[in-house]
**Student:** 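A single structure is presented below for examination.
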Amino acid sequence: MTGTDVRNEAEDSGPSGYAAARLRLLGEEARSGPPRRAALAGLTDDWLAGLFTAGAQDLRGVSLVAVGGYGRGELSPRSDLDLLLLHDGNAPDAVAALADRLWYPVWDLGLALDHSVRTPAEARRTAGEDLKAHLGLLDARHLAGDLGLTAALRTTVLADWRNQAPKRLPELRDLCAERAERQGELQYLLEPDLKEARGGLRDATALRAVAASWLADAPREGLADARRRLLDARDALHLATGRATDRLALQEQDQVAAELGLLDADTLLRQVYEAARVISYASDVTWREVGRVLRSRAVRPRLRAMLGGSRPVAERSPLAEGVVEQDGEAVLARSARPERDPVLPLRAAAAAAQAGLPLSLHAVRRLAAVARPLPTPWPAEAREQLVTLLGSGRPTVDVWEALEAEGLISRLLPDWERVRCRPQRNAVHVWTVDRHLIETAVRASELTRRVSRPDLLLVSALLHDIGKGWPGDHSVAGEIIAKDVAARIGFDPADAAVLSTLVRHHLLLIETATRRDLDDPATVRAVADAVGTQSTLELLHALTEADALATGPAAWSSWRGSLVADLVRRVGAVLAGDGPDEPEPAAPTAEQERLAIEAFRTGSPVLALRAQPEPAGEEETPGAPEPLGVELLIAVPDQPAVLPAVAGVLAVHRLTVRTAELRTLRLPDDVDDGAVLLLNWRVAAEYGSLPQAARLRADLVRALDGSLDIAGRLAERDAAYPRRRGWTAPPPRVTVAPAASHHATVIEVRTQDAPGLLFRIGMALEKAGVQVRSMHVSTLGANAVDAFYVTTGTGAPLPDGDAASLARVLEETLRG
């Protein structure tokens, strides 16, 4: 039977005919989705129009209007009928009688009805007082009666909406936020409400309302399809349950999946999650744009008055090479060339997350459209930017979702596609697999001060459940994937092996601590054999805690934490040996020796800045990590305050220190019996090009003779750039490494990297009156992991009390 035949049957047979035609339509397997919803709306339109015509007779100035979901033509099998009987107020008794003739047949058929009888003035007044009523009227659609009356109301209501947008849109945003807080996020719930949860049909309707205001618009790519998928799921849910429900309960998911022709309930949930993710992201972008426009409108009159009517120029402040902040977002700089800079997507994402800013929609789309793919293995900067992004705490989530919305994550990490939007049917888990991995990285970022390799901790957090997209034990599958991913993103074989071990055994500590006898030496020995080294144990302990905290409130407790800590202590005792002594310095190269001799003879610093370091005479180790930054060699006659002077000059020139070594070099006997401080550092420009070596040397000479006020210059620069609202990093941690060296006291510093960090540390060490015998500094993502070998003025290790006091002073300095 065709759609026309169904409508004719309904018109010919009255209410019973409509009921039969409706039942027949819903039972047609060949028709589903938008065609069925449209047919059901059309069938209902004709039936109600017939009822109206029969009841209105000679009545004028009356019309029947569909509003809300029915007004949009989105009738699911058990949807309410949202109706407005609109009249001009001239025949109230006749209108009341007509209303009875309309409402009672609907109720007699057991259909849910949301109805009202109003004049245009009453409807407009109600809309002004009730935001939900105003939203419903935005979708008003004429069904029968006086078309002019309906058209006039539509025009007036829409004009009111646009005129009142600065007031109504913040109300709508608050309404959406309150509902999200109450209902949760659709894209993560095991039993989601398709309509009310964040990312559901209510939010999709809100986006239509924002677009109707002409104030802002939602990203349209994929939005219509996402809305259709949720409506299809709701249709199937109504048919499967026979009830007007929007909650996709566990016991009904298989039946709903079958109704939609899907493989299983997991496939259904994944489709629902993907749709919700599109709507949620569109909502985030849209509400951000609404806020920007409203702020701009509020500020513009004052700015125009101050500037004499000239148009204000949006302020842009640099964040990283090719990335600037504008209007509260991270955007691409005008000079950015993503088609020539494959690292730019990760650099922009890391800069945005570190600053606590959203990554602009335009920037992400441009990066997705034109950025070149990264080579394999990734360059060192790309790996560092990924680590920085993962270590940025809570802001990482929004930036990651922006990249994922435009397909950049799957392009960077193809294995991500298998875990994207994958549900976890476990009451303990509160997230999908992919979001759980990001949440684990967020939690791990809070624990980076506990480990010597925060980069390995953060990447293992991202990858620990990557095997859940494959059959079998996800830890076993994940071990293989993690090793492959680690090599692809540029880790050397040793680091790749550690990452694969962490992924393979990420459940080992919690399962052993809670299920095995820790007093049994075999239990502890088995864990020690699996872990292998003290540093891997340290990483696994932090990963275990981050994983549990990211799983949900039921997965971690102080009791579980104490059991795991006890196991780690026992395993650490098995793995413990003599502490590592200070590493023997490598023999100086010919260039290092030449610079040292020149510095000693001239009595002033000598430096060399090289973009491409010369080979050391041996072939590079296959798979060795690519050096990051530019090599800077400095030789300085042995004197006080060299470390803060060099670090301060580099900070003034906006050079980021990636790695740094300082040691005392004894001159050859045939030259002189003297010593020169040799600094071998790798540096990178925050943005722009590197300064000339001659400028660096001139400023270094001034810094050493005290004529360059480094502290003042840095303070002025900090004052020029207001502190951003980025993620609050975990507090610094400064410790004395026990028995680490027989010749010096080793002070270990783990903190957030920042401009001028080494200058501040160097000044604190200088004020403490200690000598820096050597140092080893590395920056892993946004984390600085530094070791300073210090001695007294006589060259002896510090007494224990002095060492502890120095560590406290350094920590207080870095907290300040």
Side-chain angles (χ1 to χ4, degrees), residues 7-22 40-161 205 244:
R7 289 189 180 189
N8 289 339
E9 179 181 345
E11 292 172 0
D12 293 343
S13 305
S16 60
Y18 168 74
R22 177 188 175 95
L40 183 56
L43 177 67
T44 306
D45 289 353
D46 292 342
W47 175 54
L48 291 172
L51 293 176
F52 179 91
T53 301
Q57 296 179 350
D58 296 330
L59 193 58
R60 297 289 181 266
V62 183
S63 65
L64 184 62
V65 185
V67 298
Y70 182 28
R72 294 188 296 273
E74 296 173 350
L75 272 189
S76 291
R78 292 287 177 174
S79 288
D80 294 358
L81 297 183
D82 297 324
L83 294 170
L84 166 63
L85 186 58
L86 194 64
H87 65 99
D88 59 12
N90 290 327
D93 294 338
V95 170
L98 175 59
D100 289 342
R101 290 193 167 208
L102 290 170
W103 310 152
Y104 279 99
V106 176
W107 288 326
D108 289 343
L109 290 181
L111 300 177
L113 176 64
D114 188 353
H115 61 88
S116 59
V117 180
R118 294 190 177 105
T119 65
E122 290 170 340
R124 188 180 181 189
R125 184 167 58 251
T126 301
E129 298 169 351
D130 186 340
L131 177 60
K132 293 180 180 178
H134 206 158
L135 293 173
L137 286 173
L138 292 178
D139 293 307
R141 182 168 58 87
H142 182 75
L143 295 180
D146 188 338
L147 177 59
L149 197 65
T150 303
L153 177 66
R154 277 181 51 84
T155 300
T156 303
V157 165
L158 190 55
D160 287 345
W161 180 252
T205 301

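What's counted below: heavy atoms across the whole structure, side chains too, no hydrogens, waters or symmetry copies. Please read these numbers as outputs of a predicted model, since none were measured by experiment.
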**Student:** If you round to the nearest 0.5 Å, how far is CG of Leu85 from OG of Ser63?
**Tutor:** 7.5 Å

**Student:** List the steps, then state whether side chain to side chain contact (heavy atoms under 4.5 Å, CB included) holds for Val106 with Trp47.
**Tutor:** CA-CA 10 Å; Val106 176; Trp47 175 54; 4.0 Å; yes

**Student:** Quick one: pull up CG in Leu138 and CG in Asp160 and give me the separation to the nearest 0.5 Å.
**Tutor:**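 That separation rounds to 10.0 Å.
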
**Student:** Quick check: closest heavy atoms across Ala94 and Leu59, and the distance to 0.1 Å?
**Tutor:** CB-CD1, 3.7 Å

**Student:** Checking side-chain contact (heavy atoms from CB on, under 4.5 Å) between Ser116 and each of Thr126, Asp82, Leu84, which is the one that passes?
**Tutor:** Leu84

**Student:** Consider only side-chain N and O atoms of Thr44 and Tyr18, and report whether a donor and an acceptor are under 3.5 Å apart.
**Tutor:**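 Result is yes, a qualifying pair exists.
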
**Student:** When rounded to the nearest 0.5 angstrom, what is the spacing between CG in Asp139 and CD in Glu74?
**Tutor:** 8.0 Å

**Student:** Taking all non-hydrogen atoms of both residues, which atom of Leu149 and which atom of Gly61 are closest, and how far apart?
**Tutor:** CD2-O, 3.5 Å

**Student:** Using side chain to side chain contact (heavy atoms under 4.5 Å, CB included), reason through His87 and Val117 one step at a time and then give a plain yes or no.
**Tutor:** CA-CA 8 Å; His87 65 99; Val117 180; 3.8 Å; yes

**Student:** How many angstroms lie between NE2 in His142 and CG in Leu147, if you round to the nearest 0.5 Å?
**Tutor:**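 Separation between the atoms: 4.5 Å.
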
**Student:** Short question: side chain of His115, backbone of Leu81 - any donor-acceptor pair under 3.5 Å?
**Tutor:** no

**Student:** I'd like to know whether Leu86 forms a side chain to side chain contact (heavy atoms under 4.5 Å, CB included) with Val62, so could you lay out the CA-CA distance, the side-chain angles of the two residues, the decisive distance to 0.1 Å, and finally the verdict.
**Tutor:** CA-CA 6 Å; Leu86 194 64; Val62 183; over 6 Å; no

**Student:** Between the side chain of Glu122 and the main-chain N/O of Thr119, is any donor-acceptor distance below 3.5 Å?
**Tutor:**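 Present.
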
**Student:** Has the side chain of Arg22 got a donor or acceptor atom that lies under 3.5 Å from a matching backbone atom of Pro77?
**Tutor:**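 Yes; at least one donor-acceptor contact below 3.5 Å.
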
**Student:** Nearest heavy-atom pair of Phe52 and Ala144: which atoms, and what distance?
**Tutor:**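 Between these two residues, the closest heavy atoms are CD2-CB, 3.7 Å.
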
**Student:** Identify the heavy atoms of Leu83 and Val67 that sit nearest to each other, and give their distance.
**Tutor:**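 Minimum heavy-atom contact is N-CG2, 4.4 Å.
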
**Student:** Quick check: does any side chain N or O of Tyr70 sit under 3.5 Å from a backbone N or O of Asp45, one acting as donor and the other as acceptor?
**Tutor:** yes

**Student:** Checking Asp146 side chain against Gly148 main chain: does a donor-acceptor pair fall under 3.5 Å?
**Tutor:**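 Side chain of Asp146 to backbone of Gly148, a donor-acceptor pair under 3.5 Å: yes, one is there.
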
**Student:** Rounded to the nearest 0.5 Å, what separation is found between the NE2 atom of His134 and the CG atom of Leu158?
**Tutor:**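 Going from the NE2 atom of His134 to the CG atom of Leu158 covers 8.0 Å.
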
**Student:** Please evaluate residues Leu64 and Leu48 with respect to the criterion side chain to side chain contact (heavy atoms under 4.5 Å, CB included), reporting the C-alpha separation (whole Å), side-chain torsions for both, the decisive distance (0.1 Å), and the verdict.
**Tutor:** CA-CA 9 Å; Leu64 184 62; Leu48 291 172; 4.0 Å; yes

**Student:** Between the side chain of Arg141 and the main-chain N/O of Val65, is any donor-acceptor distance below 3.5 Å?
**Tutor:**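 No; judged by distance alone, with no hydrogens or angles, the pair does not exist.
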
**Student:** Where is the tightest heavy-atom contact between Ala19 and Leu109, given as atom of each residue plus distance?
**Tutor:**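 Closest approach of Ala19 to Leu109, heavy atoms only: CB-CD2, 3.9 Å.
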
**Student:** Looking at Ala133 and Ala127, what are the two nearest heavy atoms and their distance?
**Tutor:** CB-CA, 4.4 Å

**Student:** Give, for atom CZ of Arg60 and atom CG of Asn90, the distance between the pair rounded to the nearest 0.5 Å.
**Tutor:**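 Rounded to the nearest 0.5 Å, the CZ-CG separation comes out at 13.0 Å.
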
